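Heads up, the thing below is written out as structure tokens.
Predicted model only: the values in this text are computed from it and were never measured. Protein chains get the first letters and strands the later ones, always in sequence-line order, with residue 1 at the start of each.
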6 protein chains.
Amino acid sequence: MFPKNQMGKAAMLLVLSGEGAEQDRLLKTLDESGFAVALGRVGTMDSQKIVAAVETAAKKHGIISSERYREEHALYHAIMEALMGVGRGVVSFGAQLRTVGLRFSIVRGRPYAAPDEGEWIAVAFYGTIGAPVKGWEHEALGFGINHI
Amino acid sequence: MFPKNQMGKAAMLLVLSGEGAEQDRLLKTLDESGFAVALGRVGTMDSQKIVAAVETAAKKHGIISSERYREEHALYHAIMEALMGVGRGVVSFGAQLRTVGLRFSIVRGRPYAAPDEGEWIAVAFYGTIGAPVKGWEHEALGFGINHI
Amino acid sequence: MFPKNQMGKAAMLLVLSGEGAEQDRLLKTLDESGFAVALGRVGTMDSQKIVAAVETAAKKHGIISSERYREEHALYHAIMEALMGVGRGVVSFGAQLRTVGLRFSIVRGRPYAAPDEGEWIAVAFYGTIGAPVKGWEHEALGFGINHI
Amino acid sequence: MFPKNQMGKAAMLLVLSGEGAEQDRLLKTLDESGFAVALGRVGTMDSQKIVAAVETAAKKHGIISSERYREEHALYHAIMEALMGVGRGVVSFGAQLRTVGLRFSIVRGRPYAAPDEGEWIAVAFYGTIGAPVKGWEHEALGFGINHI
Amino acid sequence: MFPKNQMGKAAMLLVLSGEGAEQDRLLKTLDESGFAVALGRVGTMDSQKIVAAVETAAKKHGIISSERYREEHALYHAIMEALMGVGRGVVSFGAQLRTVGLRFSIVRGRPYAAPDEGEWIAVAFYGTIGAPVKGWEHEALGFGINHI
Amino acid sequence: MFPKNQMGKAAMLLVLSGEGAEQDRLLKTLDESGFAVALGRVGTMDSQKIVAAVETAAKKHGIISSERYREEHALYHAIMEALMGVGRGVVSFGAQLRTVGLRFSIVRGRPYAAPDEGEWIAVAFYGTIGAPVKGWEHEALGFGINHI
């Protein structure tokens, strides 16, 4: 079982590991531990496309309901917080002439022992940020978590 | 060998893994791959203590020179960027009545194949942020990288 | 008479009340108390359209002179401050995939008893911010004030 | 009945009206409409005291549970958003040599018709911000809302 | 005569030149051109001391009236804007373990040909920002201007 | 010889002086003192064009290598810091309906006596920011410096 109170760590490990046996093992453990997971990728200079990509993946994989604003609101703020880490204080990229290539994960579940603490949703990004020139980039990552 | 261009991933994996066999293996691989590493912990409401803790650990373990402002300047901006991820756009905590408990790693080395790209320094944080009440906290992480 | 030192409260009440008898009464009292008022609406994902809508309304209703940069400068900073409340620290919306629907008021007058304190200008917004999906939104408001 | 989807407007009207018959009528209507309300005041240069004052009032009046981090987390982010409006992009005051005197309201309830959208919590501030000199201040207000 | 529309340039040249013949010549020209000027210095980790130092100098040299909040409000926002340049997006220093040593100038006058555009006030800072270690610092500067 | 530790002052003086004899003298002294310099101009509402203009000028005049990401990274962060001064906490302009007209300078060299402190790069902007209306603008400036 994956430790309940480390769902954020799980979200980050999923994007760090990339596709392969390690990620598959982690996905299996998270599934057995009651966490729902969605994964995706996005490359853009346009921050609103990142928001759209994560929200679309979350709805498509049933992580959040397509019928409930409340869940979108929770996810949206988790995305914004994670983008603050990627952009280090800025949540737009093209206006600063930067482009990003990111893997992302969304994890939903119960990180606290007390049932009353309910469900939370975490978003993690890992990839690169840089000039619009191939190879002129460095690693970037971000993480956000919210009650849902 | 650890992939050159994933020193940021290495820094984050070090803080996610915590003390133990996994971290030891990673430390050994990074050492063999030519990366210098320092690890530490800090718990505080006072963001300047986080800066001081990371800088002290970096000097003590010889990651940066105690004689050269240039290196402190590179590390300082990497710390600030990583704190932006922890605080999600804010780099102070006490003024917002939040307390943090963080593990940190500092990794120095050459992430690019071209020798001209020189050395870079990465800082990663992983831990919790929350109210000054035991258990009223959630995970937080941050990452910054800079040329040195 | 409306209390001099509550022109900001007046600006906010105007946007909260919406069109109708209550707003009309307030407009009459403000007029009798020597305050100039303009009202308007704007719905957009594009923050520069909000700035343009407020500035156009202010000029059209003679709240600021179309001939004087000084007055536009005072109004501009009041608008920026009010948008900080709407966006809660961010003054752009489309880049974050958010859309806003806002009523706004502009009030100009003398909030201080001492004649030397001169005229001030207040801007208030009230409406909704949310995803570009009907009904997926919550209330938002903002307020700025500046000497003119 | 107070319109469900205007609980933020209600929160702001409560702080704008101040103590008296108007506020009492509004409190009664909100109570009948199923909203829970707490009111308070705080004057300080120290932003963490504002957070503490609002959280204490919310717990004391049973607006949030003292046993549940989830609820404190929802309230905390609503407070931070509301402080962004007061400080217009900054959530600390003393470091900028400003002092604030604020009334605040906390409203909890169901702003959406669909039962699935659940409970939300709103925080509103109204008062003054200025130099630490009596009368050298202008009005300020802020508003935040979050699902709970 | 100093060109009217370059009072900001004048403010910056005053802090760049430091004490001496060049500064004296500039002060004389500004005086003859109808600009009022105050100069000062401040070294601290505490941003509120910078605000206090500039405001005190402005009042002592009669650049702003000690009796009028309006003028303090205009100066205060010019100081905040200038500190944004010094801190590059942050207006506090000690919380980031940085110390500053700054010369400052305050210039008041009429930068526009049209008399209606009235008086404006500019603040300029030049000096160093760095670690609390002698010599571990680099240059920093900032500039703000406002109508008064 | 220009004082080593004032390369930032040099960068700012270059943009303040504008074309002419004074700038020529300064350019000559900087050249003799071992500093490399590039100058340029940009007018736009689009912050990414400012970044592109400065980077292009730096490469064209050989201030940074076109082959080395490391150097572009150093310059990029210096530009971002300088734009923080121009926008006073915001690094985009069009979204706020502002347009800028800026002269810029880039200076590269050794500001510290100790050879180990190596090369640094400074960026300075001076010009105007304002409404998209001729003459409705005021002065703005910004400065950033980084090790390279």
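- Among all heavy-atom pairs drawn from E:Ala10 and E:Leu26, the shortest one is O-CD2, 4.0 Å.
- For F:Lys49, the NZ atom counts as loosely surrounded, since its 6.0 Å shell holds 12 or fewer non-hydrogen atoms of other residues, nucleotides or ligands.
- For F:Ser33, the side-chain contact (heavy atoms from CB on, under 4.5 Å) partners two or more places apart in sequence, or in a different chain, are F:Met1, F:Phe2, F:Thr29, F:Phe35.
- The contact list for residues 76-85 of chain E toward chain F, using heavy atoms and a distance under 4.5 Å, reads E:Glu81, E:Met84, E:Gly85 by residue number.
- Proximity of a side-chain donor or acceptor of F:Arg103 to a complementary backbone N or O of F:Val15 within less than 3.5 Å is detected.
- For E:Glu19, the CD atom sits in a loose shell: 12 or fewer heavy atoms of surrounding residues, nucleotides or ligands are nearer than 6.0 Å.
- With hydrogens and angles disregarded, no donor-acceptor distance shorter than 3.5 Å links the side chain of F:His73 to the backbone of F:Tyr69.
- Between F:Glu71 and F:Arg108, at least one side-chain N (NZ, or NE/NH1/NH2) sits under 4.0 Å from a carboxylate O, which counts as a salt bridge.
- Nearest heavy atoms, E:Asp46 versus E:Thr44: N-OG1, 2.9 Å.
- Using a 4.5 Å heavy-atom threshold, the side chains of F:Ile106 and F:Ile64 count as separate.
- Along residues 110-134 of chain F, the residues that come nearer than 4.5 angstrom to chain E, judged on non-hydrogen atoms, are F:Tyr112, F:Trp120, F:Tyr126 in order of number.
- Residues F:Thr56 and F:Val54 form no side-chain contact, since every pair of their non-hydrogen atoms from C-beta on lies 4.5 Å or further apart.
- Of residues 95-102 of chain E, not one residue has a non-hydrogen atom less than 4.5 Å from any non-hydrogen atom of chain F.
- With respect to E:Glu72 and E:Arg68, no salt bridge is recorded, no charged nitrogen being found less than 4.0 Å from a carboxylate O.
- Residues E:Asn146 and E:Leu75 form no side-chain contact, since every pair of their non-hydrogen atoms from C-beta on lies 4.5 Å or further apart.
- Two residues are said to be in side-chain contact when any heavy atoms from C-beta on lie closer than 4.5 Å; E:Leu13 and F:Leu13 meet this criterion.
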